Amino acid sequence: MHEFGHFIVGKMNKIGVLVFSIGFGPKIFSFHDKSGTEWKISAIPLGGYVKFFGDENPASINISEASGSKNSSAKSFADASVFSRFLTVAAGPFSNFLFSIITFSIIILVNGVASNEPIVGKVNQFYQERYDLRPGDKILKVENRDIFNFGDIFNELSKNESSTNNFLIERNNLKKEIVLPYIFQPVVMGIEPLSAAARANLRVGDVFLSVNEEMLYRFSDLRDFVVNSEGKELRMLIFRGNREIQKTIRPTLTPFEEKNGTFTEKYRIGVLGGPIFQAERSTPSLPQALSMGSTAVLSVFTGTIRGIRAMILGEVDPKHLSGPIGVAHAVSDSVKSGLISFFTLIAIISTGIGIVNLLPVPVLDGGHIVLLGYEAVMKKRPSDKFLRFAMIAGLFLILFLIMYTTLNDILRVFI
């Protein structure tokens, strides 16, 4: 998607394209379109690239005939105006963000959004089998206090964190009193990729029953065991699919963003908690989904910038950066949690690619944008000597980052 953004906007600006490649290295398959562009699939599936006319010609001599182009009106990248080149370069990251917005929006349309009506949606299997709570039940009262929306349920329970709570529900036009356990039980609602929980093959819906033979009564009990583990293995009893299974999990030090925006490292296993029942979900309108998708991308963008800032300030150890191996394992972990989790990660990765490419590093789009800004202000291009030095320095930095993150991946995944 990133390279297609460069391609389509370049074509719109009459810039000729020699090659559009999916992957790098030796060519496996290719064909030429009517404009002379070679479309090919290459052997190393780690990204791709677009090669414009003039990319291999430092003198910016028109090479459209030499390339075999059938479009004589196409010009080289270097011959295009500064504005055309800016649009073409910026189109790559923009395509990443647009793809992420569309993907998040589709996820929201498919998965729906939680209604604020006090109506029960999905109920965790473990608790549905043991307590008289069913999807579709309307909650009227909690501890004799009237409930008007779903948020009222949590507000009332936060005032009384007892082991059980009294509920008045309405089912099939009949009112009924039931007793439920404290609703924030140690239930797995989400699993972070590359986490200890992912390595232990935990699943969404798992219920932690005990840790080191001590019973758990709420998610905060589990969190206390993990945070205070000092990295020692924890023996866990888990309910899954009408049976109990044993797991041994070793918590790992992981960056955690506090409410004030600072980062600290805490022992975590990488599970997200939630209530034993969820709100009923409804399908939003297309404009609402697009708005929520845009908000999700903005959240990923700002969170990434805060993370980069925290690394610069020394609040987060760079060892937590992941490279190609880590990304592959993260995708594998997300698949185990379902298609929603998988496509959510794809959208996050796409946003990350857009952000990284905007960094002001030569050979990245952000570096090209800085050089184009210099050209627009100074009315001349940087010297060839400076460009060669900048590109070599940028390439060295990128290669170093790839090697460093790959080493992190090897240490994290295989050791």
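Just so it is clear, the model here is predicted, and its values are computed rather than measured.
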Checklist entry - Which heavy atom of Ser100 sits nearest a heavy atom of Ala347, and at what distance? => result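 Result for this residue pair: OG-O, 2.8 Å.
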With a 4.5 Å cut-off on side-chain heavy atoms, are [Y] and [X] touching?
X      : Y      : answer
Tyr217 : Met215 : yes
Asn13  : Thr88  : yes
Val211 : Phe225 : yes
Val187 : Phe208 : no
Lys40  : Val19  : yes
Met236 : Gln246 : no
Ile183 : Asn165 : no
Leu18  : Thr37  : no

Next on the checklist: Working note: Ile369 + Phe86, criterion side-chain contact (heavy atoms from CB on, under 4.5 Å); need CA distance, chi angles, decisive distance, verdict.
Outcome noted: CA-CA 6 Å; Ile369 290 172; Phe86 167 78; 4.0 Å; yes
Next on the checklist: Before you tell me yes or no, could you show the steps for Val271 and Asp206 under side-chain contact (heavy atoms from CB on, under 4.5 Å), namely the whole-Å CA-CA distance, both residues' side-chain angles and the distance that decides it to 0.1 Å?
Outcome noted: CA-CA 10 Å; Val271 295; Asp206 285 351; over 6 Å; no
Got more than 12 heavy atoms from elsewhere within 6.0 Å of [atom1], [X]?
X      : atom1 : answer
Phe94  : CZ    : no
Phe386 : CZ    : no
Arg134 : CZ    : yes
Glu230 : CD    : no
Met391 : CE    : yes
Phe396 : CZ    : no
Phe154 : CZ    : yes

Item to check | Evaluation steps, side chain to side chain donor-acceptor pair (under 3.5 Å), between Lys11 and Ser35 | outcome: CA-CA 10 Å; Lys11 297 283 280 188; Ser35 67; 2.9 Å; yes
Atom pair [atom1]/[atom2] of [X] and [Y] - distance to nearest 0.5 Å:
X      : Y      : atom1 : atom2 : result
Phe219 : Met189 : CZ    : CE    : 10.5 Å
Ile108 : Arg281 : CD1   : CZ    : 9.5 Å
Phe7   : Met1   : CZ    : CE    : 12.5 Å
Ile346 : Thr103 : CD1   : OG1   : 8.5 Å

Next on the checklist: Run the side-chain contact (heavy atoms from CB on, under 4.5 Å) test on Gln128 and Leu133 for me, step by step, so that the C-alpha distance in whole Å, both residues' side-chain angles and the decisive distance to 0.1 Å come before the verdict.
Outcome noted: CA-CA 6 Å; Gln128 183 170 329; Leu133 184 68; over 6 Å; no
Item to check | Mutual orientation of the aromatic rings belonging to Phe301 and Phe97 [parallel < 30°, tilted 30-60°, perpendicular > 60°] | outcome: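 Taking Phe97 first and then Phe301, their aromatic rings stand perpendicular (interplane angle over 60°).
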Checklist entry - So Phe31 and Trp39, would you call those rings parallel, tilted or perpendicular, with 30° and 60° as cut-offs? => result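 The arrangement is parallel - the two ring planes meet at less than 30°.
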Checklist entry - Quick check, are the ring centers of Tyr49 and Phe24 under 6.0 angstrom apart? => result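 Yes: the rings meet the under 6.0 Å criterion.
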Checklist entry - What's the verdict on side chain to side chain donor-acceptor pair (under 3.5 Å) for Glu117 and Asn149, showing C-alpha distance, side-chain angles and the deciding distance? => result CA-CA 5 Å; Glu117 293 293 318; Asn149 56 62; over 6 Å; no
Next on the checklist: Can you see whether Phe184 has Arg218 sitting over its ring - NZ or CZ less than 6.0 Å from the centre and within 45° of the normal?
Outcome noted: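 Because its charged atom misses either the 6.0 Å distance or the 45° angle limit, Arg218 does not stack over Phe184.
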Item to check | Cation-pi check, Arg130 onto Phe126 ring (under 6.0 Å, within 45° of axis) | outcome: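 Yes, Arg130 and Phe126 form such a contact.
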Next on the checklist: Let's go through Asp409 and Thr406 carefully: what are the C-alpha distance in whole Å and the side-chain angles of both, what is the deciding distance for side chain to side chain donor-acceptor pair (under 3.5 Å) to 0.1 Å, and is it a yes or a no?
Outcome noted: CA-CA 5 Å; Asp409 293 337; Thr406 299; 5.0 Å; no
Next on the checklist: side-chain contact (heavy atoms from CB on, under 4.5 Å), that's the test. Do Ile269 and Glu192 meet it? Break it down for me.
Outcome noted: CA-CA 9 Å; Ile269 60 173; Glu192 297 176 5; over 6 Å; no
State whether [X] and [Y] are salt-bridged, where the test is any N-O pair (Lys NZ or Arg NE/NH1/NH2 against Asp/Glu carboxylate O) under 4.0 Å.
X      : Y      : value
Arg306 : Glu257 : yes
Glu280 : Lys122 : no
Glu38  : Lys27  : yes

Next on the checklist: Evaluate Glu258 against Thr264 for side chain to side chain donor-acceptor pair (under 3.5 Å), listing each step before the verdict.
Outcome noted: CA-CA 7 Å; Glu258 304 287 354; Thr264 57; 2.9 Å; yes
